[in-house]
Amino acid sequence: MSARLTAAPMIVVEALGRSVLEAKAFAALVRAGMIGLESPRRLVAELRALHDFGAFGSAVRIAALKYGDHPAIADDRGEITFGELEDNVNRLANALRARGLEPGSTVGVLCRNHRQPLVTAFAASRVGLNVVWLNTSFSRPQAEEVARREGVDLLVHDAELGEVVAGIAPPHGRISCAIDDPDHDELDALIATSEPDLPAPPDRPGRIVLLTSGTTGTPKGAPRAEPRGFILPAALLERMPMRPGEATVIGPPLFHGTGLVLALLSIGLGSTLVLRRRFDPAEFLDDIERHQATAVCVVPVMLQRVLALDEDEVRKRELSSLRVAFCAGSQLPAEVALRTMDLLGDVIYNLYGSTEVSVATLATPADLRDAPTTVGRPTLGSRVRLFDDEGRPAPRGGAGRIFVGTTSPFEGYTGGGGKDVIDGLLSTGDVGHFDAKGRLYIDGRDDDMIISGGENIFPAEIEGCLLTHPSVSDAAVVGVDDAEFGQRLRAFVVASDVTADLLKAHVRDNLARYKVPRDVLFVSEIPRNATGKILKRELAARQS
């Protein structure tokens with residue numbers, strides 16, 4: 001009895017807290033224009049779609065009701081309106097059901113950035129199917145292993161990736177897409193032969209399964225429940241000036257959470273989504289100018305590739321429409337942030353989060369001008385705390401392991417296992433600290449720390465320092481075994497017209513002496529995964 005009396009007030013407090021957050025989120029979405037005055041008839045249709053198909057499955061339908069004739073996607077095939085997109089989603093949803101796929105079955109998607117993976121994901125969710133987004137950089141053995149582990153029942157893939165999926169034989173087969181050859185696009189053929197009627201709603205919407213980056217092993221599936229309420233989109237729109245009916249250029253792959261979340265935000269605003277199968281910095285800038293894009297989505301290495309262009313090449317384009325450069329996926333070097341804003345204006349919004357924890361913090365351009373290495377303050381609905389190795393709160397102003405709690409909780413990996421949890425907060429695997437203004441800084445990965453001569457060293461600080469040298473365009477630092485110091489620092493740099501000794505002196509002039517790399521190796525490229533994270537295991541294995 002006493003336990004019930006104790007628990008009841010806690011439930012009431014949590015409910016009140018969630019209600020306050022939802023009210024703040026609703027207000028933010030009204031200010032952004034995602035929610036506005038609607039005719040009663042259309043409002044009823046939108047609410048019914050949300051009830052029947054959930055937030056993801058209804059997103060295109062709601063956008064089509066509001067912005068039917070507005071271009072929804074511009075890709076390598078051309079443009080498609082929201083009305084046409086909705087028609088394709090319904091036809092494919094009905095085709096998947098006719099193919100025998102039951103609610104709870106899993107559709108795998110292995111596609112580069114174009115309309116077809118989005119049509120597939122929306123259609124699958126609309127009939128209660130789960131969607132797992134596979135990495136287009138997978139080798140054949142990796143693709144086979146992940147498809148088997150995730151229980152893929154049907155695979156939709158780009159025709160150009162046919163060799164990668166040749167060994168995968170799902171029970172409901174494979175369907176190939178050829179975005180540059182519509183006459184041989186199997187998904188198009190399936191859509192064309194199906195009915196356009198809105199399908200009967202499933203008992204529950206399908207889940208979205210994104211994969212971890214795989215920098216420490218085989219990528220793991222990280223499913224997330226269907227988001228409820230307004231908090232997740234409001235967490236971003238509360239700070240980023242994105243508005244309805246504009247255009248957004250997506251740089252990262254859609255299978256990465258960064259690209260997918262901004263794509264969904266743009267669809268919710270009725271904005272045109274500009275997609276390319278491969279990132280090219282000059283074409284990326286052309287797309288901003290051509291579509292007068294107000295927002296772009298990037299990972300830091302994409303900004304570095306833009307900065308590598310001749311400055312006159314960038315400035316010859318009319319890019320004044322740009323208000324938001326949403327950046328995430330890996331740590332944003334301070335030098336890259338400042339140089340980009342000097343070139344494109346104060347537009348960078350730097351997100352910190354992960355596949356597991358979702359959205360944690362967001363730094364605004366003002367934050368980055370004041371403190372270029374920060375990842376900002378917690379977003380609406382997120383709680384960020386620091387704990388020491390014993391699970392105790394880190395001292396005020398001190399560093400600690402980062403734990404995050406959000407309103408969209410991680411459900412555990414599909415293959416089993418999870419992350420450390422303290423007080424309901426999930427470990428990000430990073431170490432960081434807060435400044436006096438409540439802004440978070442990432443010091444490094446808790447498994448990435450290098451101990452050299454008894455000193456604890458995080459590579460990110462040294463990598464950032466190297467990037468401030470005008471001759472360096474990219475850098476990575478790893479620890480390698482050393483008989484005297486346990487580990488020593490080895491830097492890999494992409495640079496021109498500079499010597500190893502000059503770079504060591506540059507680090508020595510800006511950081512503590514024990515942070516100066518013993519070895520500096522020049523390479524033509526730093527190996528990275530599709531989301532821009534450095535593959536340090538590959539570098540650590542190199543001897544030269």
Side-chain angles (χ1 to χ4, degrees), residues 212-213 215 232 235-240 252 256-259 261-262 265 296-304 324-341 346-387 394 396-406 408 419 425-449 458-465 467-468 531-534:
T212 61
S213 59
T215 53
L232 187 57
L236 300 176
L237 291 178
E238 184 186 43
R239 296 186 192 172
M240 298 196 308
H256 178 228
T258 301
V261 73
L262 210 66
L265 208 59
V296 298
C297 180
V298 291
V299 294
V301 69
M302 292 175 175
L303 294 179
Q304 289 173 241
V324 173
F326 179 67
C327 186
S330 58
Q331 195 151 354
L332 175 64
E335 183 72 6
V336 173
L338 293 175
R339 286 181 59 203
T340 301
M341 291 198 295
D346 284 4
V347 296
I348 294 183
Y349 290 79
N350 186 29
L351 174 80
Y352 174 63
S354 70
T355 306
E356 295 89 347
V357 306
S358 187
V359 175
T361 65
L362 185 66
T364 65
D367 290 325
L368 294 170
R369 283 294 185 190
D370 190 39
T373 57
T374 186
V375 292
R377 299 174 177 83
T379 57
L380 183 69
S382 71
R383 295 175 295 144
V384 182
R385 302 286 185 272
L386 306 181
F387 294 94
R396 186 178 181 84
R401 298 170 65 205
I402 302 172
F403 284 72
V404 177
T406 69
S408 180
K419 305 278 282 185
L425 308 179
L426 194 71
S427 169
T428 66
D430 293 320
V431 174
H433 66 278
F434 285 102
D435 66 14
K437 295 182 178 180
R439 296 180 296 215
L440 181 66
Y441 299 76
I442 309 303
D443 299 325
R445 296 287 298 172
D446 58 12
D447 57 2
D448 198 27
M449 185 174 69
F458 289 103
E461 182 182 18
I462 305 166
E463 292 163 356
C465 179
L467 284 169
T468 64
T531 61
K533 292 181 180 177
I534 298 169

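Quick note: numbers below take in every heavy atom, side chains included, and nothing from hydrogens, waters or symmetry partners.
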[X] versus [Y], closest heavy-atom pair with distance:
| X | Y | answer |
| --- | --- | --- |
| Ala235 | Leu380 | CB-O, 3.7 Å |
| Val357 | Ser427 | CG1-O, 4.3 Å |
| Ala371 | Tyr441 | CB-OH, 3.2 Å |
| Pro252 | Cys297 | CD-O, 3.0 Å |
| Gly400 | Ala394 | CA-CB, 4.2 Å |
| Asp346 | Pro365 | O-CG, 3.4 Å |

Q. Got a sec, which residues hit side chain to side chain contact (heavy atoms under 4.5 Å, CB included) with Val261, two or more places apart in sequence or on another chain?
A. Leu236, Phe326
For residues [X] and [Y], determine if any side-chain heavy atom of one lies less than 4.5 Å from a side-chain heavy atom of the other.
| X | Y | result |
| --- | --- | --- |
| Leu265 | Leu237 | yes |
| Met240 | Leu362 | yes |
| Val296 | Val324 | no |
| Val359 | Ser382 | no |

Q) How are the rings of Phe387 and Phe403 set to each other: parallel, tilted or perpendicular (split at 30° and 60°)? A) perpendicular
For residues 329-340, please give each side-chain donor-acceptor pair under 3.5 Å, one per line with the distance, not counting sequence neighbours.
residue, atom, partner, partner atom, Å
Gln331, NE2, Ile442, O, 3.0
Thr340, OG1, Val336, O, 2.7

To the nearest 0.5 Å, how far apart are [atom1] in [X] and [atom2] in [Y]?
| X | Y | atom1 | atom2 | value |
| --- | --- | --- | --- | --- |
| His433 | Thr374 | NE2 | OG1 | 8.0 Å |
| Leu426 | Ser354 | CG | OG | 7.0 Å |
| Leu440 | Arg377 | CG | CZ | 11.5 Å |
| Leu351 | Arg239 | CG | CZ | 10.0 Å |

Q. Could you go step by step and tell me if Val404 and Val384 meet the side-chain contact (heavy atoms from CB on, under 4.5 Å) rule?
A. CA-CA 5 Å; Val404 177; Val384 182; 4.2 Å; yes
**Q.** Donor-acceptor under 3.5 Å (Thr379 side chain, Thr361 main chain)
**A.** no
Q: Name all pairs fulfilling the salt bridge (Lys or Arg N to Asp or Glu O under 4.0 Å) condition that reach into residues 325-334, sequence neighbours left out, sorted by first residue then second.
A: none
Q) Checking salt bridge (charged side-chain N to carboxylate O under 4.0 Å, His left out) for the pair Asp367/Lys437: CA distance, chi angles, key distance, verdict? A) CA-CA 10 Å; Asp367 290 325; Lys437 295 182 178 180; over 6 Å; no
